[in-house]
Amino acid sequence: MMKNQTVNVAQERVTIRHVAEDAGVSVAAVSKVLRNAYGVSGSLRGKVEASIEKLNYRPSVAARAMRGRTQTVGVLVIELSNPFLPGVIEEANAALSENGFKALIGIGRSASSIEASMIESMIDNRMDGVVIIAPRISGKVLERYARQIPIVVIAHHEPHAETYDTVNSDDRRGGYLAVEAALRAGYQDIAMLSYDLLDSPATIVAVQREEGYLDAMKQAGLKGRIIRLPPVAVDRQQAIRNFLDAKDRPRAVFVWSDLDAVPLINAARTRAIRVPEDLAIIGYDNSPMAAIPLVGLTSVDQNQMQLGRTAAEVLLSRIDGRRDARHLLIEPHVELRGST
DNA sequence: TGGACTGAACGGACGCAGTA
DNA sequence: TACTGCGTCCGTTCAGTCCA
């Protein structure tokens, strides 16, 4: 019979002092080698590197943080299922990595209380900065946290924030471009499918897209019509079916996000509604799903890669001491496919 | 004289001993 | 029991020393 045995191995952490002792040099000399600092001879470097290798030494991030930086940045995302996020995170991570920083990801689960707790953990763990994507917490709360840690926010329009930076796709412009694309394709009866924003502030991207949609419709001399889905995703399926079955269904629809546009195109086809012959659909985000040939969804591209890289660069400059706030907008474009 | 190297101070959190 | 002060942790930084 097998027995569980408890093996107690005393594990002493290898510190810079152990390395210094092994190499026969001072602690400061080891630190200089680690930081690639000026004033280190080749022979000293060789001895230190040999000892580091021999002892399998790894510097303590916590100790480094006492005087300087941890070289870590938190990336707080709303959820993982949103197809908009991978491109943003990958490119932000690449830009941070090129500058010697590591990105650690937290998930806010669309709840402001969880987001707040995650940001506090990132502060407590002495991270050098935070990239927050599509936060639920208010700008006021963000202002408070930004006094403790450099913050850059993506997908949150707050152009007057003074203590943190924002990097956004120009969502208002994106809504405008979606209508322009529909008009060019010959449609006039264009509705927008959004969701119940429940008095959301203008910081929300969907509010900006609605404003862009209404602007473009007004400019074309047309009357805008916004149809709202329930705020909870599980209730939306029935609402989408109701929209498709409605007698006054528009000829074309601009959907606030591919998150709802892809289910809409799927529901339309299962109900034998031809896309685009019976209903033209334009989504937003240009997610990988939109590009699948069987989906073929025309969608507004936010340029996720540029959003991620720009956000990382803005954060790094704030970590380096910049104090003035920057609020950047990235120009979107429409990716035309078969749904229009 | 200047490059190479060292010693000590420093930082925030936490545990522990001593004192009121 | 509450409070205070000290020591420890460990990597970085800077002023100072050594030596060719």
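Order of the sequence lines fixes the chain letters, A, B, ..., with proteins taken first and strands second; residue numbering starts at 1 for each chain. Just so you know, these numbers come straight off a predicted model, no measurement behind them.
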In short, ring-ring contact (aromatic ring centres under 6.0 Å, His included) pairs touching residues 253-277 of chain A with sequence neighbours left out are A/Y195-A/W256

Rounded to 10°, the angle between the first-five-pair and last-five-pair axes of the helix from B/dT1-C/dA20 to B/dA20-C/dT1 is 40°

Between CG of A/L44 and C1' of B/dC5 the distance, given in whole Å, is 8 Å

| Donor + acceptor pair across side chains of A/H333, A/E335 (<3.5 Å) | yes

* Asked: With a 4.0 Å cut-off on heavy atoms, is A/T15 in touch with a base, just the backbone sugar-phosphate, or nothing at all?
  -> sugar-phosphate

From CD of A/E21 across to P of B/dT6 the rounded distance in Å is 14 Å

CD1 (A/I330) and CG (A/D301) are apart, to the nearest 0.5 Å, by 11.0 Å

Quick note, salt bridge (charged side-chain N to carboxylate O under 4.0 Å, His left out) partners involving residues 80-108 of chain A, not counting sequence neighbours, are A/E91-A/R309, A/E98-A/R309

Note to self: Measuring to OP1 and OP2 of C/dG11, would you say a side-chain N or O of A/Y57 lies under 4.0 angstrom away?
What the structure shows: yes

Quick test of your reading of the model: are A/E115 and A/R136 salt-bridged, counting only N-O distances below 4.0 Å?
no

Residue pairs passing the ring-ring contact (aromatic ring centres under 6.0 Å, His included) test with at least one member in residues 136-175 of chain A, sequence neighbours excluded, are none

When rounded to whole Å, the CZ to P distance for the pair A/R45 and B/dG3 reads 16 Å

Atom CG of A/L55 and atom P of C/dG11 are separated, to the nearest Å, by 12 Å

A/L34 CG to C/dT13 C1', in whole Å, measures 14 Å

Check whether any side-chain N or O of A/R322 sits under 3.5 Å from a backbone N or O of A/D324 as a donor-acceptor pair, and report yes or no. yes

**Study point:** A/S41 side-chain N/O to B/dC5 phosphate OP1/OP2 under 4.0 Å
**Key:** yes

Contacts of A/D245 meeting salt bridge (Lys or Arg N to Asp or Glu O under 4.0 Å) (sequence neighbours excluded), chain-then-number -> A/R271

When rounded to the nearest 0.5 Å, the distance separating CZ of A/R209 from CD1 of A/I226 is 13.0 Å

Give every pair of a protein N or O atom and an N or O atom of nucleotides 7-12 of chain B that lie under 3.5 Å apart, one pair per line with the distance.
residue : atom : partner : partner atom : Å
B/dC10  : O2   : A/R67   : NH1          : 2.7

Here the distance between atom C1' of B/dG3 and atom NZ of A/K32, to the nearest Å, is 9 Å

